[in-house]
J.: 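What follows is a single structure, and I will ask about it in a moment.
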Amino acid sequence: MSAALAFDLLIIAALVWSAARALTVADLFRGVVLFIVFGLLMALAWARLGAPDIALAEAAIGAGLTGALLLDAVGHLRAKREPEA
Amino acid sequence: MSLVEGASLALLIAGAAFFFAGTVGLLRFPDVYTRLHALAKADNLGLGLVVLGLLLRAPGWATGIKLVLIWLLALLASATVGFLIARRARRHGIAPWRAGDRE
Amino acid sequence: MKLTLATVRAVLWRSALFAVLWWALTDGRPDSWGVGSVSVAFATTVSIYLLPPVNTYVSRIGLLRFLVFFIVQSLRGGAQVAGFALRPRMGLRPGFHEIDLRLPEGIGRVLLANTLSLLPGTLSVELQGNRLCLHVLDERAPTETEVRAAESRLADLLGLTLHTTG
Amino acid sequence: MRRVLPVAIVALAALFGVALAAAMLELPPHAVRLPDDVAANIAASGVAHPITAVLLNFRGYDTLLEIAVLLLALFGVLALVKPHAARAAHPAHPLLQTLARLLAPLMVLVAGYLLWVGAIAPGGAFQAGAVLAAAGVLLRLAGLLPAWVAPTLLLRVGLALGLLVFVAVAAAVLGHATLLTYPPALAGGLILMVEAALTLSIGLTLAALYLASTEVRP
Amino acid sequence: MSVGLLYALAGAALFAIGLAGLLALPHLLRKILAFNILGSGAFLILVGLGQRDGSVDPVPQAMVLTGIVVAIAATALALALARQLLERTGRMQLPEDRADAETDDA
Amino acid sequence: MNLTLTLAVFLLLNLLVALIRVARGPTPADRLLAALLFGTTGVAILLLLADAMSQTAFIDAALVFALLAAISGAAFARRAWREEVPDDESR
């Protein structure tokens with residue numbers, strides 16, 4: 001198996017796995033972390049697909065905005081809850 | 001293989017090794033503070049060596065400066081983020097693991 | 001903002017730095033300078049606004065010495081962590097270590113906290129006033145001496161004078 | 001019933017995915033070769049990078065509508081923010097502040113670079129705008145940017161600038177040809193102008209979306 | 001099988017996962033994550049199919065670029081709406097989903 | 001045999017192993033550390049891909065990655081992992 005194919009298969013497996021786990025894990029914060037990881041993996045996938053434009057956009061938005069927005073929302077949600085044990 | 005190519009390869013492999021060490025540290029170290037140590041140091045050295053290895057193959061000065069800039073940015077980011085998280089952890093009253101404690 | 005000598009010097013230095021970076025980013029293409037000059041001007045303006053120039057002098061020899069010190073120590077730091085991580089019995093002796101800084105208030109302390117996070121065995125955990133709390137990987141290591149060494153290098157670099165603690 | 005419904009949904013979605021995959025495997029070769037069309041017309045587009053040519057010349061409508069969608073989303077978020085409910089910036093630790101003060105100018109520079117490079121290589125207004133917005137997010141996190149209260153006039157102009165310049169350019173060349181078809185001789189310069197305005201607009205809108213949507217209070 | 005087709009198939013899987021999540025999960029934040037995953041799947045299908053014969057096609061890439069920016073705008077708006085709902089009702093779930101929601105808001 | 005690509009595969013594998021930390025926790029910070037590791041390693045992978053696929057544009061993507069790497073961490077420390085003490089604004 002060539003290194004390129006190995007890379008593609010790993011990326012795809014990780015993408016599908018992190019997407020599925022992000023939606024199914026019990027802890028919401030864990031889901032958000034997995035989603036951030038998913039976004040970073042997407043940037044690598046775009047690079048492998050020969051789409052550097054999209055890789056750039058995904059890197060900028062995935063690392064800069066999505067993460068900040070979602071983490072903010074989780075913090076807001078936690079603050080609304082009773083103080084945790 | 002020329003000398004430069006060989007050196008570049010060696011540096012790249014050494015960099016990957018430090019990334020590996022960082023991952024092992026992240027998994028083995030006992031608490032959040034020690035894991036931050038692993039992240040901040042092994043990774044930056046890993047990225048530093050990878051950058052150095054690619055620097056030897058860089059086509060010109062411009063690419064070289066870009067690569068070094070990337071490394072510096074990663075250093076700055078990881079030092080600051082490490083500090084922020086460690087500070088928050090201490091504020092939350094997370095006690096550091098002491099020798100003799102169980103993980 | 002008052003137009004002082006410090007401001008003029010800062011503007012010149014910073015735009016020169018950004019121009020070099022622009023040159024590197026665009027691979028030295030000459031037709032990029034139309035957009036480039038505007039970008040450099042914007043970046044310099046934002047930089048001056050966010051980091052108002054102060055009368056600090058960056059010593060060139062100090063910078064060189066600091067860089068060498070930093071690179072050597074980074075290598076040591078990475079090697080040390082890798083050593084701990086890969087050894088079968090890790091032998092960590094972590095703990096907190098508080099220390100009073102001799103550097104004056106300002107960028108110096110911030111830089112020191114960041115530098116220490118990248119140096120072997122130490123991770124900055126809290127910086128309040130002149131009190132810095134570190135997390136160390138090995139309590140038996142001579143943390144105090146290492147911090148003082150880094151502190152003097154930084155003071156040399158920025159032309160700052162160290163206070164005596166007491 | 002409660003447990004049955006999700007299982008049914010998952011099964012149906014899985015079925016859908018399999019059908020989609022099967023359809024893709026059965027797909028005949030391309031009937032139309034769009035890359036050839038792009039390659040044939042790129043000389044007239046005013047830029048050398050095919051994706052920028054598609055975004056701003058061949059399929060300019062998409063981009064025009066996109067910036068309108070962005071503004072619409074911002075209006076939606078702003079409608080949820082009670083005026084003056086926003087709090088003043090809560091300053092962060094000096095370390096984070098220093099990071100933001102050092103990085104924000106670099107982000108501006110890199111945004112400029114991405115804007116410029118879009119004409120010849122990967123990059124362009126979207127990426128540049130996203131990096132610009134990231135600078136806003138970082139400054140906000142460092143407590144250096146006040147929370148969103150109400151957009152000042154200058155900010156409003158900045159927000160709408162992309163759309164306005166785009167429409168103005170489209171109108172100006174309307175007499176020449178159909179909508180959003182630039183005269184080849186001017187295309188390069190016009191696209192750069194539109195892109196610069198777009199970058200500013202996208203950056204401000206995305207940053208404003210972050211600032212406002214994190215400030216929603218009843 | 002070309003790289004493009006491989007990623008397009010992965011896109012189909014992601015689309016299905018996102019679709020299932022969007023419909024089946026009660027918590028709004030999860031729905032937003034699912035929506036983004038669904039979108040990413042669609043983008044992968046677009047670009048992957050566009051270059052399944054190995055050549056790079058700029059048209060779907062340009063469309064996806066537009067799509068990504070629209071997706072983030074939609075996400076921000078959705079999050080703001082979800083917060084508003086949290087303020088009003090104290091929960092991040094749609095009223096009709098509340099009856100059968102029991103586990104998801106850890 | 002493309003060595004830089006092989007190294008990229010190795011780093012990717014490495015990264016996926018690190019995801020175990022997301023599952024193990026125990027604190028939210030521990031979980032986030034894996035995502036932060038993705039930042040630096042992602043930069044390295046992109047740089048290696050740039051070399052392997054001779055796409056200089058990936059260096060720009062890596063630059064953007066490195067430039068924005070701090071945001072998730074800062075957002076986490078400032079917004080997501082708040083003090084557990086409920087103050088007036090969080091009611």
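In what follows, chains are A, B, ... by sequence order, proteins preceding strands, each numbered from 1.
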J.: Above 12 or not: heavy atoms from other molecules or residues under 6.0 Å from CZ of Phe96(C)?
T.: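 Count over threshold, so yes.
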
J.: Among Ala42(B), Ala21(B), Ala79(B), which residue has the highest count of heavy-atom pairs closer than 4.5 Å to chain C?
T.: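 Highest number of pairs under 4.5 Å: Ala79(B).
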
J.: Check whether NZ of the Lys or CZ of the Arg Arg28(B) lies under 6.0 Å from the centre of the six-membered ring of Phe84(C) and within 45 degrees of that ring's axis.
T.: no

J.: Would you name the heavy atoms of Ala62(B) and Ala24(C) that are closest together and state the gap between them?
T.: CB-O, 3.5 Å

J.: I need the minimum non-hydrogen distance between Phe20(B) and Leu86(C), along with the two atoms involved.
T.: CE2-CD2, 4.2 Å

J.: Can you tell which part of Leu119(C) gets under 4.5 Å to a heavy atom of chain B, answering side chain, backbone, both or neither?
T.: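 Looking at Leu119(C), just its backbone touches chain B.
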
J.: Minimum heavy-atom separation for Ser124(C) and Ala86(B), please, with both atom names.
T.: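 That would be O-CB, 4.0 Å.
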
J.: Taking side chain as C-beta onward, heavy atoms only, is Leu118(C) less than 4.5 Å from Ser78(B)?
T.: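 A side-chain contact under 4.5 Å exists here.
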
J.: Answer with side chain, backbone, both or neither: which region of Gln73(C) has an atom nearer than 4.5 Å to a non-hydrogen atom of chain B?
T.: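 For Gln73(C), neither part sits under 4.5 Å from chain B.
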
J.: Within a 6.0 Å radius of atom CZ on Arg65(C), are there more than 12 heavy atoms belonging to other residues, nucleotides or ligands?
T.: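 It does not: Arg65(C) CZ has 12 such atoms or fewer within range.
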
J.: For the atom pair OG1 (Thr63(B)) and CG (Asp27(C)), what is the distance rounded to the nearest 0.5 Å?
T.: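 Reported value, rounded in 0.5 Å steps: 5.0 Å.
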
J.: Measure from the side-chain N and O atoms of His37(B) to the backbone N and O of His135(C), and report whether any donor-acceptor pair falls under 3.5 Å.
T.: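 Here the side-chain-to-backbone pair exists.
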
J.: Counting C-beta onward and ignoring hydrogens, is there a side-chain heavy-atom pair between Ile65(B) and Trp23(C) closer than 4.5 Å?
T.: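 When only atoms from C-beta onward are counted, Trp23(C) and Ile65(B) do touch, with a gap below 4.5 Å.
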
J.: Does any heavy atom of chain C fall under 4.5 Å from the side chain of Phe18(B), the backbone, both, or neither of them?
T.: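 Interface part for Phe18(B): side chain.
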
J.: Using heavy atoms and a sub-4.5 Å threshold, report which of residues 44-60 of chain B line up against chain C, by residue number.
T.: Asn44(B), Leu45(B)

J.: Using modelled atom types and a 3.5 Å cut-off, is there a donor and acceptor pairing between side-chain atoms of Lys41(B) and backbone atoms of Ser117(C)?
T.: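 Checking the backbone N and O of Ser117(C) against the side chain of Lys41(B), a donor-acceptor pair under 3.5 Å is found.
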
J.: As a test of understanding, state which of Leu127(C), Val110(C), Leu116(C), Leu123(C) forms a side chain to side chain contact (heavy atoms under 4.5 Å, CB included) with Phe83(B).
T.: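 Looking at Leu127(C), Val110(C), Leu116(C), Leu123(C), the match for Phe83(B) under the side chain to side chain contact (heavy atoms under 4.5 Å, CB included) is Leu127(C).
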
J.: Chain B heavy atoms under 4.5 Å from Arg87(C): which part of the residue, side chain, backbone, both or neither?
T.: backbone

J.: For Thr26(C), which atoms come within 4.5 Å of any heavy atom of chain B: side chain, backbone, both, or neither?
T.: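 Nothing of Thr26(C), per the 4.5 Å heavy-atom cut-off to chain B.
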
J.: Given heavy-atom pairs under 4.5 angstrom as the criterion, report whether the side chain, backbone, both or neither of Leu75(B) touches chain C.
T.: both

J.: Go through Val81(C), Val125(C), Val136(C) and name the one with the most non-hydrogen pairs under 4.5 angstrom from chain B.
T.: Val125(C)

J.: Tell me, for Arg87(B) versus chain C, whether the close heavy atoms (under 4.5 Å) come from the side chain, the backbone, both or neither.
T.: both

J.: For the candidates Asp43(B), Thr23(B), Thr34(B), Leu76(B), which exhibits the highest count of non-hydrogen atom pairs separated by less than 4.5 Å from chain C?
T.: Thr34(B)

J.: When heavy-atom pairs shorter than 4.5 Å are enumerated against chain B, which of Gly78(C), Gly95(C), Ser74(C) gives the highest number?
T.: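 Heavy-atom pairs under 4.5 Å are most numerous for Gly78(C).
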
